[in-house]
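Everything on this sheet refers to the single structure shown next.
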Protein chains: 2
Amino acid sequence: MDQKNFMDEFMKAANQDLTPKQAKILQAAVEIFAEKGYAATSTSEIAKRAGVAEGTIFRHYKTKKDLLISIVSPIIIEFAVPLFAERFINEVFQDQRLDDFEDLLRKIIRNRYQFVKNNVPLLKIFFQEMAFHAEIQEKFSAVFTEKVLPQFIKVVNHFKQNGQIGDFPTETVIRLTINAIVGFFITRFLVMPDYPWDDEKEMEYTIQFIRNGLKGI
Amino acid sequence: MDQKNFMDEFMKAANQDLTPKQAKILQAAVEIFAEKGYAATSTSEIAKRAGVAEGTIFRHYKTKKDLLISIVSPIIIEFAVPLFAERFINEVFQDQRLDDFEDLLRKIIRNRYQFVKNNVPLLKIFFQEMAFHAEIQEKFSAVFTEKVLPQFIKVVNHFKQNGQIGDFPTETVIRLTINAIVGFFITRFLVMPDYPWDDEKEMEYTIQFIRNGLKGI
DNA sequence: TTGTGAAGTGAGTAATCACTCATTTTTTTG
DNA sequence: CAAAAAAATGAGTGATTACTCACTTCACAA
């Protein structure tokens with residue numbers, strides 16, 4: 001995916017030029033997809049909950065799958081990109097206050113925590129349907145390898161050089177870090193959303209776990 | 001996947017003799033459920049791949065959902081339980097060679113690695129369908145809280161007392177540990193199965209990551 | 001006011017769905 | 001071997017599916 005397509009997606013996501021009925025359709029689809037899964041959801045049920053005729057769905061979305069893609073695409077970009085925009089990463093190398101791995105971890109986790117908390121159903125749909133739809137996999141893969149990975153590598157190598165991260169391969173550091181962070185969110189919001197979490201504490205423990213786990217001996 | 005291992009798992013768990021056609025049905029259902037998901041799979045397609053009449057499926061399984069539960073139930077027990085059988089855990093407190101957190105981690109990860117490798121489609125179905133079927137959630141919850149959690153708590157407290165695990169809450173230690181291990185398996189076998197993994201090295205890095213991450217400073 | 005295109009409608013359609021059941025085939029048993 | 005039981009069959013069922021299309025309603029510019 002090239003830059004232009006990418007920005008198109010982003011603009012499409014940011015734009016609010018949806019008709020009221022179209023917005024209702026998206027809202028209903030997200031709710032039901034998250035509840036029962038894409039394949040188990042019928043377009044008639046979406047139309048019913050959206051308070052819309054079934055034909056209206058197909059006026060805006062060529063197929064049911066098109067509706068799914070329209071829902072999932074923005075969330076891929078919004079979840080992965082913002083914290084890894086070039087502007088932000090450059091700060092890491094220039095701003096004294098960011099030259100600490102633990103502080104960076106804290107900043108990333110706290111920022112993404114708010115985003116995840118505000119988008120649980122959308123993210124549930126993403127994780128579920130990624131397993132079965134090549135379009136979603138490809139879109140995610142493109143965003144990850146083009147936008148996230150290069151910046152992540154820069155940062156890890158930076159902290160490896162100044163000794164805050166130990167002698168692991170860079171890809172392994174990235175795997176372990178993303179897994180610890182995303183794993184926390186999945187446990188917190190999808191696996192055990194009703195557990196009496198103390199989010200502040202758990203985030204801090206997770207930060208310590210990652211920092212110590214990656215520290216050289 | 002090795003078909004022999006695969007059917008062995010079923011025989012063991014079901015503790016019941018299957019007719020050849022019934023075995024074919026299970027095998028076909030596992031394959032297609034893993035490929036396209038439970039809801040997107042039709043019973044006619046299962047029958048076709050199994051080389052069986054559609055009615056034969058319903059002679060052995062009351063409903064399509066019944067077939068799913070019959071597939072998923074054994075895997076829950078076999079994944080969670082074996083390493084936490086009382087006999088094994090008692091060894092941890094008696095056997096000198098097991099009185100090292102790192103060695104225990106290594107033993108657990110290596111054992112479960114083989115199991116996961118031999119049961120990828122089954123585990124994929126489990127993770128996917130757990131999100132939507134209360135029966136599966138309840139079965140898993142029961143096995144986890146009755147069989148796994150109590151043993152895990154014992155072990156963690158043991159290693160906290162002798163200083164190998166630092167001052168985290170026990171539940172947090174368990175969350176971080178399971179997340180690191182299961183996360184590795186999911187990344188390795190579901191998210192990026194085609195990446196040129198060096199499994200030995202990645203397991204060792206994961207062990208170091210957990211051990212250092214949980215170590216008190 | 002009127003013309004025009006977009007938005008919205010809902011009855012209609014062919015295909016497919018999970019599941020049934022009367023019947024046939026295979027296996028077990030006495 | 002014959003009778004009984006179990007396993008397997010596949011055509012048939014009503015319900016539901018994603019999607020279509022001829023039509024109506026709407027917003028708005030000329």
Side-chain angles (χ1 to χ4, degrees), chain A residues 11-12 15-73 125 128-129 132-136, chain B residues 7 10-11 14-73 125 128-129 132-136:
Chain A
M11 286 305 172
K12 196 174 159 192
N15 266 352
Q16 302 271 359
D17 60 357
L18 307 170
T19 67
K21 301 244 170 189
Q22 198 172 353
K24 279 277 186 191
I25 290 167
L26 284 175
Q27 187 184 336
V30 167
E31 283 176 23
I32 310 180
F33 285 166
E35 281 168 24
K36 338 190 340 184
Y38 166 78
T41 301
S42 68
T43 49
S44 74
E45 191 180 355
I46 296 170
K48 200 174 157 191
R49 187 174 306 191
V52 146
E54 203 173 345
T56 308
I57 294 175
F58 292 95
R59 181 138 311 262
H60 294 290
Y61 305 96
K62 225 169 72 78
T63 63
K64 184 186 160 194
K65 188 159 195 164
D66 202 49
L67 172 59
L68 173 69
I69 302 296
S70 299
I71 285 171
V72 170
S73 285
I125 296 169
Q128 279 293 323
E129 301 307 328
F132 301 120
H133 303 273
E135 304 92 323
I136 298 177
Chain B
M7 286 317 297
F10 269 115
M11 302 294 279
N15 195 21
Q16 192 178 10
D17 283 315
L18 307 171
T19 68
K21 302 245 170 189
Q22 199 172 353
K24 279 277 187 191
I25 290 167
L26 284 175
Q27 186 183 343
V30 167
E31 283 176 23
I32 310 180
F33 284 168
E35 281 167 24
K36 335 190 343 182
Y38 166 79
T41 301
S42 68
T43 50
S44 73
E45 191 180 356
I46 295 170
K48 200 175 158 190
R49 187 175 305 191
V52 147
E54 202 173 346
T56 307
I57 293 173
F58 293 95
R59 185 136 308 264
H60 294 289
Y61 305 96
K62 225 170 74 79
T63 62
K64 184 186 161 195
K65 188 158 195 165
D66 203 48
L67 172 59
L68 173 69
I69 302 297
S70 299
I71 285 171
V72 169
S73 285
I125 295 169
Q128 279 293 323
E129 302 307 329
F132 301 120
H133 303 272
E135 303 93 322
I136 298 177

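Chain naming here is simple, since letters A, B, ... match the order of the sequence lines and numbering starts at 1 in each.
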| request: Side-chain contact test, heavy atoms from C-beta onward, threshold under 4.5 Å: evaluate it for L67(B) versus T43(B) and give yes or no. | output: no
| query | Considering residues at least two apart in sequence or located in another chain, which fulfil the salt bridge (Lys or Arg N to Asp or Glu O under 4.0 Å) criterion with K48(B)? | reply | none
| note | Contact check, residues 26-43 of chain A vs DNA chain D, heavy-atom distance under 4.0 Å, returns T41(A), S42(A), T43(A)
| First and last nucleotide of DNA chain D, 5' to 3', lying under 4.0 Å from heavy atoms of chain B | dA8(D) to dG10(D)
| remark: Within residues 49-57 of chain A, the residues having a heavy atom closer than 4.0 Å to DNA chain D are E54(A)
| To the nearest angstrom, how far is K21(B) atom NZ from dT27(C) atom P? | 10 Å
| query | Hey, what do you get for OH (Y38(A)) to NZ (K64(A)), rounding to the nearest 0.5 Å? | reply | 5.0 Å
| message | Please give me the minimum heavy-atom distance between F132(B) and Q128(A), naming the atom from each residue. | response | CE1-OE1, 3.3 Å
| message | Which residues in residues 60-69 of chain B have a heavy atom closer than 4.0 Å to any atom of DNA chain C? | response | T63(B), K64(B)
| request: Counting heavy atoms from C-beta on, name the nucleotide in dC17(C), dT9(C), dA18(C) closest to the side chain of R59(A). | output: dT9(C)
| request: Would you kindly give the CD1-to-P distance between I46(B) and dC17(C), to the nearest whole Å? | output: 11 Å
| query | Atom CG of L18(A) to atom P of dA6(C): distance rounded to whole Å? | reply | 17 Å
| task | Could you tell me which non-hydrogen atom of E54(A) sits nearest to which non-hydrogen atom of S44(A), and how far apart they are? | result | OE2-N, 3.5 Å
| request: Check for a donor-acceptor pair, side chain of E129(B) on one end and backbone N or O of L68(B) on the other, with a separation under 3.5 Å. | output: no
| note | When rounded to the nearest 0.5 Å, the distance separating CD1 of I71(A) from CG of D66(A) is 10.5 Å
| said: Distance check, rounded to the nearest 0.5 Å: E45(A) atom CD versus S42(A) atom OG? | reply: 5.0 Å
Per-pair distances, 0.1 Å, donor-acceptor, side chain in residues 21-33 of chain A, under 3.5 Å, sequence neighbours excluded:
from, atom 1, to, atom 2, distance (Å)
Q22(A), OE1, H60(A), ND1, 3.4
Q22(A), NE2, Y61(A), OH, 3.4
E31(A), OE1, R49(A), NH1, 2.8

| message | Just N and O in the side chain of S44(B): are any of them under 4.0 Å from OP1 or OP2 of dT16(C)? | response | no
